[in-house]
**Student:** 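This is the structure I have questions about; it appears just below.
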Amino acid sequence: MHDPEAEYEDEGQGRVSRSQLKREAQASRDLGAELAALSRDQLTRLNLPDALHEALVAALAIDAHGARKRQIKYIGGLLSRLDPEPIRQGLARLQSKNVQATQELHKIEQWRDRLLAEGDGALRQLLAQYPEADSQALRQLIRNAQKEHAAGKPPKSARLLFKAVKALLQAERGEAAEPSEEAGEDQADG
(Lines give C-alpha, C1' and ligand atoms only; values in the text may rest on other atoms or scores of the structure.)
Protein backbone atom coordinates (compact mmCIF):
# COMPACT_ATOMS: atom_id res chain seq x y z
CA MET A 1 0.00 0.00 0.00
CA HIS A 2 1.21 3.53 -0.86
CA ASP A 3 2.24 5.66 2.09
CA PRO A 4 1.68 9.39 1.31
CA GLU A 5 3.86 10.41 4.24
CA ALA A 6 6.83 8.63 2.65
CA GLU A 7 6.83 11.30 -0.08
CA TYR A 8 7.66 13.96 2.50
CA GLU A 9 10.57 12.35 4.32
CA ASP A 10 13.58 14.61 4.56
CA GLU A 11 16.51 14.36 2.19
CA GLY A 12 18.58 12.49 4.76
CA GLN A 13 16.40 9.45 4.04
CA GLY A 14 17.11 9.73 0.31
CA ARG A 15 13.69 11.01 -0.75
CA VAL A 16 12.68 14.45 -1.83
CA SER A 17 9.15 15.75 -1.60
CA ARG A 18 7.14 16.42 -4.71
CA SER A 19 6.91 20.05 -3.63
CA GLN A 20 10.69 20.28 -3.50
CA LEU A 21 10.96 18.71 -6.97
CA LYS A 22 8.45 21.25 -8.29
CA ARG A 23 10.39 24.13 -6.71
CA GLU A 24 13.62 22.89 -8.28
CA ALA A 25 11.95 22.50 -11.69
CA GLN A 26 10.55 26.04 -11.43
CA ALA A 27 13.97 27.38 -10.43
CA SER A 28 15.47 25.70 -13.51
CA ARG A 29 12.77 27.23 -15.75
CA ASP A 30 13.33 30.67 -14.17
CA LEU A 31 17.08 30.40 -14.78
CA GLY A 32 16.34 29.28 -18.34
CA ALA A 33 14.09 32.30 -18.88
CA GLU A 34 16.84 34.61 -17.58
CA LEU A 35 19.36 33.02 -19.93
CA ALA A 36 16.93 33.20 -22.87
CA ALA A 37 16.70 36.98 -22.38
CA LEU A 38 20.43 37.40 -23.07
CA SER A 39 21.95 38.23 -26.43
CA ARG A 40 23.82 35.68 -28.53
CA ASP A 41 27.13 37.34 -27.60
CA GLN A 42 26.34 37.21 -23.88
CA LEU A 43 25.40 33.53 -24.14
CA THR A 44 28.72 32.79 -25.83
CA ARG A 45 30.61 34.51 -23.01
CA LEU A 46 28.97 32.21 -20.45
CA ASN A 47 30.66 29.08 -21.91
CA LEU A 48 27.55 26.91 -21.57
CA PRO A 49 27.37 23.24 -22.60
CA ASP A 50 26.69 22.87 -26.34
CA ALA A 51 23.17 21.44 -26.08
CA LEU A 52 22.09 24.21 -23.68
CA HIS A 53 23.73 26.92 -25.79
CA GLU A 54 21.99 25.65 -28.95
CA ALA A 55 18.62 25.52 -27.19
CA LEU A 56 19.08 29.09 -25.95
CA VAL A 57 20.10 30.36 -29.39
CA ALA A 58 17.01 28.64 -30.83
CA ALA A 59 14.88 30.42 -28.19
CA LEU A 60 16.17 33.78 -29.44
CA ALA A 61 14.54 33.13 -32.82
CA ILE A 62 11.14 32.10 -31.43
CA ASP A 63 8.49 34.83 -31.40
CA ALA A 64 5.31 32.84 -30.72
CA HIS A 65 4.46 32.93 -27.01
CA GLY A 66 3.45 29.26 -26.71
CA ALA A 67 6.45 28.01 -28.64
CA ARG A 68 8.80 30.18 -26.59
CA LYS A 69 7.22 28.89 -23.37
CA ARG A 70 7.79 25.28 -24.52
CA GLN A 71 11.38 26.08 -25.44
CA ILE A 72 11.99 27.64 -22.01
CA LYS A 73 10.53 24.51 -20.40
CA TYR A 74 12.90 22.39 -22.52
CA ILE A 75 15.82 24.61 -21.46
CA GLY A 76 14.72 24.20 -17.83
CA GLY A 77 14.87 20.43 -18.32
CA LEU A 78 18.40 20.71 -19.65
CA LEU A 79 19.38 22.91 -16.72
CA SER A 80 17.90 20.47 -14.20
CA ARG A 81 20.55 17.93 -15.27
CA LEU A 82 23.36 20.41 -14.66
CA ASP A 83 24.80 22.09 -11.61
CA PRO A 84 23.18 25.54 -11.85
CA GLU A 85 25.63 27.31 -9.54
CA PRO A 86 28.45 27.96 -12.09
CA ILE A 87 25.83 29.21 -14.55
CA ARG A 88 24.31 31.52 -11.93
CA GLN A 89 27.78 32.85 -11.04
CA GLY A 90 28.57 33.51 -14.71
CA LEU A 91 25.23 35.26 -15.13
CA ALA A 92 25.90 37.39 -12.03
CA ARG A 93 29.34 38.39 -13.39
CA LEU A 94 27.79 39.27 -16.74
CA GLN A 95 25.05 41.37 -15.11
CA SER A 96 27.65 43.10 -12.92
CA LYS A 97 29.69 44.03 -16.01
CA ASN A 98 26.54 45.39 -17.67
CA VAL A 99 25.79 47.56 -14.64
CA GLN A 100 29.37 48.87 -14.60
CA ALA A 101 29.27 49.63 -18.34
CA THR A 102 25.97 51.48 -17.92
CA GLN A 103 27.38 53.51 -15.03
CA GLU A 104 30.41 54.42 -17.11
CA LEU A 105 28.26 55.52 -20.04
CA HIS A 106 26.25 57.73 -17.67
CA LYS A 107 29.46 59.25 -16.34
CA ILE A 108 30.66 60.00 -19.90
CA GLU A 109 27.27 61.50 -20.83
CA GLN A 110 27.30 63.67 -17.70
CA TRP A 111 30.75 65.02 -18.54
CA ARG A 112 29.71 65.73 -22.15
CA ASP A 113 26.52 67.46 -21.05
CA ARG A 114 28.40 69.55 -18.45
CA LEU A 115 31.03 70.52 -21.00
CA LEU A 116 28.35 71.65 -23.43
CA ALA A 117 26.30 73.50 -20.80
CA GLU A 118 29.06 75.06 -18.66
CA GLY A 119 31.87 75.42 -21.21
CA ASP A 120 35.27 76.49 -19.85
CA GLY A 121 34.37 75.98 -16.17
CA ALA A 122 33.57 72.32 -16.69
CA LEU A 123 36.57 71.95 -19.00
CA ARG A 124 38.90 73.23 -16.25
CA GLN A 125 37.48 70.62 -13.87
CA LEU A 126 37.90 67.88 -16.48
CA LEU A 127 41.49 68.94 -17.15
CA ALA A 128 42.23 68.97 -13.41
CA GLN A 129 40.98 65.39 -13.18
CA TYR A 130 42.57 64.27 -16.49
CA PRO A 131 45.70 66.42 -17.05
CA GLU A 132 46.75 64.36 -20.09
CA ALA A 133 43.69 65.57 -22.02
CA ASP A 134 44.16 67.77 -25.10
CA SER A 135 42.54 70.99 -23.91
CA GLN A 136 42.67 72.70 -27.29
CA ALA A 137 40.94 69.81 -29.10
CA LEU A 138 38.29 69.52 -26.38
CA ARG A 139 37.64 73.28 -26.41
CA GLN A 140 37.21 73.16 -30.20
CA LEU A 141 34.77 70.22 -29.97
CA ILE A 142 32.76 72.04 -27.32
CA ARG A 143 32.52 75.23 -29.44
CA ASN A 144 31.58 73.24 -32.56
CA ALA A 145 28.95 71.23 -30.68
CA GLN A 146 27.41 74.39 -29.23
CA LYS A 147 27.30 76.01 -32.70
CA GLU A 148 25.74 72.87 -34.22
CA HIS A 149 23.11 72.80 -31.49
CA ALA A 150 22.28 76.48 -31.94
CA ALA A 151 21.97 76.01 -35.71
CA GLY A 152 19.81 72.89 -35.32
CA LYS A 153 22.36 70.73 -37.10
CA PRO A 154 23.05 67.04 -36.33
CA PRO A 155 25.20 66.62 -33.20
CA LYS A 156 28.39 65.44 -34.92
CA SER A 157 30.74 67.35 -32.61
CA ALA A 158 28.79 66.29 -29.51
CA ARG A 159 29.37 62.67 -30.56
CA LEU A 160 33.04 63.35 -31.11
CA LEU A 161 33.18 65.01 -27.67
CA PHE A 162 31.54 61.91 -26.18
CA LYS A 163 34.22 59.72 -27.81
CA ALA A 164 37.00 61.99 -26.58
CA VAL A 165 35.73 61.86 -22.99
CA LYS A 166 35.30 58.09 -23.27
CA ALA A 167 38.88 57.74 -24.49
CA LEU A 168 40.09 59.76 -21.48
CA LEU A 169 38.27 57.52 -19.01
CA GLN A 170 39.46 54.35 -20.73
CA ALA A 171 43.04 55.62 -20.89
CA GLU A 172 42.88 56.28 -17.16
CA ARG A 173 41.96 52.61 -16.61
CA GLY A 174 44.47 51.42 -19.21
CA GLU A 175 41.86 50.14 -21.67
CA ALA A 176 41.74 50.49 -25.42
CA ALA A 177 38.58 51.78 -27.08
CA GLU A 178 36.51 49.05 -28.69
CA PRO A 179 35.55 49.99 -32.26
CA SER A 180 32.36 47.92 -32.27
CA GLU A 181 31.00 49.87 -29.29
CA GLU A 182 31.77 53.25 -30.83
CA ALA A 183 29.64 52.53 -33.88
CA GLY A 184 26.61 51.83 -31.68
CA GLU A 185 27.17 54.95 -29.61
CA ASP A 186 27.05 57.19 -32.67
CA GLN A 187 23.43 56.19 -33.07
CA ALA A 188 22.62 56.13 -29.35
CA ASP A 189 23.95 59.63 -28.69
CA GLY A 190 22.17 61.37 -31.55
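Values below: every heavy atom of this structure, side chains too, minus hydrogens, waters and symmetry copies.
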**Student:** Between K147 and K153, is any pair of side-chain heavy atoms under 4.5 Å apart?
**Tutor:** no

**Student:** Closest approach of L169 and I108, non-hydrogen atoms and distance?
**Tutor:** CD2-CG1, 3.8 Å

**Student:** I'd like to know if L82 and V16 are part of one continuous hydrophobic network [Ile/Leu/Val/Met/Phe/Trp/Tyr, side-chain heavy atoms within less than 4.5 Å].
**Tutor:** no

**Student:** At what distance, to the nearest 0.5 angstrom, does CD1 of I142 lie from CG of L160?
**Tutor:** 12.5 Å

**Student:** Does atom CG (D50) have a neighbourhood of more than 12 heavy atoms from anything else shown, all under 6.0 Å?
**Tutor:** no

**Student:** Identify which one of L91, N98, L35 satisfies the side-chain contact (heavy atoms from CB on, under 4.5 Å) criterion when paired with Q42.
**Tutor:** N98

**Student:** Please find the pair of heavy atoms, one from A164 and one from L138, that lie closest to each other, and give the distance.
**Tutor:** CB-CD2, 3.8 Å

**Student:** Between CH2 of W111 and CG of L116, what distance do you get to the nearest 0.5 Å?
**Tutor:** 12.5 Å

**Student:** Between L115 and F162, does the side chain to side chain contact (heavy atoms under 4.5 Å, CB included) criterion hold? Intermediate values first, please.
**Tutor:** CA-CA 10 Å; L115 289 167; F162 180 92; over 6 Å; no

**Student:** Run the numbers on I75 and L31 for side chain to side chain contact (heavy atoms under 4.5 Å, CB included), then give the verdict.
**Tutor:** CA-CA 9 Å; I75 291 167; L31 179 58; over 6 Å; no

**Student:** For A55 versus L78, what's the shortest heavy-atom pair and its separation?
**Tutor:** CB-CD1, 3.8 Å

**Student:** At what distance, to the nearest 0.5 angstrom, does CZ of R88 lie from CG of L46?
**Tutor:** 13.0 Å

**Student:** Counting distance only, does the side-chain N/O of R68 pair as donor-acceptor with the main-chain N or O of A59 below 3.5 Å?
**Tutor:** yes

**Student:** What are the two closest non-hydrogen atoms of G32 and I72, and how far apart are they?
**Tutor:** O-CD1, 4.2 Å

**Student:** Counting distance only, does the side-chain N/O of Q71 pair as donor-acceptor with the main-chain N or O of A58 below 3.5 Å?
**Tutor:** no

**Student:** I would like to know whether R29 and Q26 meet side chain to side chain contact (heavy atoms under 4.5 Å, CB included); could you show each step before the answer?
**Tutor:** CA-CA 5 Å; R29 282 193 299 274; Q26 185 61 47; 2.8 Å; yes

**Student:** For S157 and A145, which heavy atoms make the closest approach, and how far apart are they?
**Tutor:** CB-N, 3.5 Å

**Student:** Check whether Q20 reaches the backbone of S17 with its side chain - one donor and one acceptor, N or O, closer than 3.5 Å.
**Tutor:** no

**Student:** Within this structure, what is the CG-CD distance for the pair L168 and Q129, rounded to the nearest 0.5 Å?
**Tutor:** 10.0 Å

**Student:** Please answer whether the main-chain N or O of A92 pairs with a side-chain N or O of S96 as donor and acceptor at a distance below 3.5 Å.
**Tutor:** no

**Student:** Rounded to the nearest 0.5 Å, how far apart are NZ of K69 and NE2 of H65?
**Tutor:** 5.0 Å

**Student:** Which heavy atom of A36 sits nearest a heavy atom of L56, and at what distance?
**Tutor:** N-CD2, 3.7 Å

**Student:** For a quick check under 3.5 Å, do N144 and E148 share a side-chain donor-acceptor pair by atom type?
**Tutor:** no

**Student:** Is there a continuous path of hydrophobic side-chain contacts, each under 4.5 Å between heavy atoms, that joins I62 to L43?
**Tutor:** no

**Student:** Tell me, please, which residues at least two apart from R139 pass side-chain hydrogen bond (donor to acceptor under 3.5 Å, both in side chains).
**Tutor:** D120

**Student:** So, taking the atom named CZ in R112 and the one named NZ in K163, what distance separates them when rounded to the nearest 0.5 Å?
**Tutor:** 12.0 Å

**Student:** Are any of the side-chain heavy atoms of P49 and L52 separated by less than 4.5 Å?
**Tutor:** yes

**Student:** Can you confirm whether more than 12 heavy atoms, excluding those of Q136, are under 6.0 Å from its CD atom?
**Tutor:** no

**Student:** With side chain to side chain contact (heavy atoms under 4.5 Å, CB included) as the criterion, how do E132 and Y130 come out once you've worked through the C-alpha distance, each side chain's angles and the decisive distance to 0.1 Å?
**Tutor:** CA-CA 6 Å; E132 70 279 1; Y130 302 98; 3.9 Å; yes

